[in-house]
Amino acid sequence: MDPNILLFEPPREVSFGGGSVRIRTEYRVWIAAQCLCDDPKVPQKSLGLRLLRLAFSDDAREGEDTSPFALALTHPQEALEAALLFFNFNEPRRPQTPRQRNLAQIRAFDWEWDACYVIADFQHLYGIDLTDPALRMHWWRFWSLFRGMSDGSHTMEVIRTRTAEEDGLSSEERSALRERKQALMLPARTREEVERNRNLRWGQDV
């Protein structure tokens with residue numbers, strides 16, 4: 001599968017177990033997959049199976065001997081790897097820079113709490129109503145548009161504010177930045193996030 005959707009139609013099948021298997025492509029499915037992976041309450045031992053249930057339909061179409069999900073269960077590890085590769089545009093993971101590793105410790109975005117920003121930006125920038133139940137956008141197209149949102153979009157501004165560093169700022173600038181961060185603070189889900197939010201509220205180093 002080629003990740004360049006300018007040249008090739010985005011894939012609707014993945015390969016595992018020696019054959020091609022239909023995969024669910026709708027953007028809502030893969031947003032749900034991200035929410036699942038980001039939820040610290042989801043046990044790791046059940047995460048793989050739940051991802052397979054999201055990625056592969058349990059209904060067989062005409063011409064299919066069995067459902068994609070049933071096939072995935074016959075080769076669960078291969079199917080999960082194929083699904084995650086599809087999720088990541090078939091792009092290999094690149095080594096992170098030190099800054100990227102530091103930012104990875106900060107939850108800068110949440111699909112549930114920040115949904116309003118994404119909906120507003122897609123409507124404003126692209127004229128696409130993400131709340132339309134008839135919309136069946138391919139994940140690869142959605143993610144291309146999401147990653148291509150301008151720096152002036154609400155979504156990118158929120159992410160930039162939450163990850164902004166205070167080094168080199170004056171005391172006034174630091175205070176203003178912390179006020180913006182507090183206004184955009186995500187509810188804590190872990191002890192580390194509780195501590196980070198507490199420090200942010202009380203003006204301590206975070």
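Values below: every heavy atom of this structure, side chains too, minus hydrogens, waters and symmetry copies.
The structure places CD of Glu165 at 12.5 Å from CZ of Arg174, a figure rounded to the nearest 0.5 Å. Here Ser150 contributes atom OG and Met156 contributes atom CE; the two are 8.5 Å apart, rounded to the nearest 0.5 Å. Taking CG of Asp110 as the start and CD1 of Ile159 as the end, the distance is 11.0 Å to the nearest 0.5 Å. With rounding to the nearest 0.5 Å, the separation of CD in Glu192 from CD1 in Ile106 is 13.5 Å.
Ile23 is connected to Ile5 through a chain of hydrophobic side-chain contacts under 4.5 Å among Ile, Leu, Val, Met, Phe, Trp and Tyr, so both are in one cluster. In the hydrophobic cluster analysis, where Ile, Leu, Val, Met, Phe, Trp and Tyr join through side-chain heavy atoms closer than 4.5 angstrom, Leu54 is grouped together with Val42. One hydrophobic cluster, built from ILVMFWY side chains closer than 4.5 Å, holds both Leu49 and Val21. Leu184 and Trp113 fall into different hydrophobic clusters, where Ile, Leu, Val, Met, Phe, Trp and Tyr side chains are chained together by heavy-atom contacts under 4.5 Å.
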Item to complete: Any chance you could lay out the side chain to side chain contact (heavy atoms under 4.5 Å, CB included) test for Leu71 and Asp65, step after step, and finish with the verdict?
Response: CA-CA 10 Å; Leu71 287 173; Asp65 295 331; over 6 Å; no
Discussion item. Assess the residue pair Leu125 and Met149 against the criterion (side chain to side chain contact (heavy atoms under 4.5 Å, CB included)); give the C-alpha distance rounded to whole Å, side-chain angles, the decisive distance to 0.1 Å, and a yes or no.
Written reply: CA-CA 8 Å; Leu125 295 172; Met149 282 194 285; 3.8 Å; yes
Item to complete: Apply side chain to side chain contact (heavy atoms under 4.5 Å, CB included) to Ile119 and Thr131, showing your working.
Response: CA-CA 7 Å; Ile119 291 169; Thr131 66; 3.8 Å; yes
Discussion item. Walk me through whether Arg107 and Arg196 qualify under side chain to side chain contact (heavy atoms under 4.5 Å, CB included).
Written reply: CA-CA 11 Å; Arg107 187 161 62 103; Arg196 183 177 181 81; over 6 Å; no
Fill in: Test log, rule side chain to side chain donor-acceptor pair (under 3.5 Å), inputs Glu26 and Trp139
CA-CA 5 Å; Glu26 186 187 347; Trp139 166 245; over 6 Å; no
Fill in: Derivation of the side chain to side chain donor-acceptor pair (under 3.5 Å) call for Ser57 and Arg24
CA-CA 7 Å; Ser57 171; Arg24 299 176 69 191; 5.9 Å; no
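Glu78 contributes no side-chain N or O that, together with a main-chain N or O of His75, makes up a donor-acceptor pair within less than 3.5 Å. Side-chain N or O atoms of Arg28 include one that pairs as donor or acceptor with a backbone N or O of Leu135 at under 3.5 Å. In terms of modelled atom types and a separation under 3.5 Å, the side chain of Tyr126 and the main chain of Asp121 share no donor-acceptor contact. Judged by distance alone, with hydrogens and angles left aside, the side-chain atoms of Ser175 form no donor-acceptor pair with the main-chain N or O of Glu172 at under 3.5 Å.
The pair Arg61-Glu64 does not meet the salt-bridge criterion, since no charged nitrogen lies less than 4.0 angstrom from a carboxylate oxygen. With salt bridges taken as basic N to acidic carboxylate O contacts below 4.0 Å, none links Glu13 and Arg22.
Within the structure, salt bridge (charged side-chain N to carboxylate O under 4.0 Å, His left out) contacts touching residues 31-59 (residues at least two apart or in different chains) do not occur. The ring-ring contact (aromatic ring centres under 6.0 Å, His included) analysis of residues 170-196, with sequence neighbours excluded, yields no pairs. Among residues at least two apart or in separate chains, salt bridge (charged side-chain N to carboxylate O under 4.0 Å, His left out) pairs with a member in residues 152-163 are Asp114-Arg162, Glu157-Arg160.
Contact detail for Asn197 and Leu186: the closest heavy-atom pair is ND2-O, 3.0 Å. Contact between Leu200 and Gln182 at its shortest, heavy atoms only, is O-NE2, 3.0 Å. When every heavy atom of Ala82 is checked against every heavy atom of Ser15, the shortest pair comes out as CB-O, 3.7 Å. The two residues Ala120 and His154 come nearest to each other via the heavy atoms CB-CD2, 4.4 Å.
In this structure, Gln123 and Ile128 have side chains that are not in contact, with every pair of non-hydrogen atoms separated by 4.5 Å or more. Side-chain contact check for Leu47 versus Leu36: some heavy-atom pair is nearer than 4.5 Å. Counting only heavy atoms from C-beta outward, the side chains of Leu145 and Met137 approach each other to under 4.5 Å. With contacts defined as side-chain heavy-atom distances shorter than 4.5 Å, the pair Met185/Arg201 qualifies. Between Tyr117 and Ser153 the shortest side-chain heavy-atom distance does not fall below 4.5 Å.
Surrounding CH2 of Trp111 are more than 12 heavy atoms belonging to other residues, nucleotides or ligands, all under 6.0 Å away. Other residues, nucleotides and ligands contribute more than 12 heavy atoms inside 6.0 Å of the CZ atom of Arg136.
Here the two rings, on Phe87 and Trp143, have centers that are 6.0 Å apart or farther. Ring centers of Trp30 and Phe142: at least 6.0 Å apart, outside the cut-off. Phe146 has its ring centre less than 6.0 Å from the ring centre of Phe109. For Phe16 and Phe56, the ring centers sit closer than 6.0 Å to each other. Aromatic pair Phe86/His138: centroids less than 6.0 angstrom apart.
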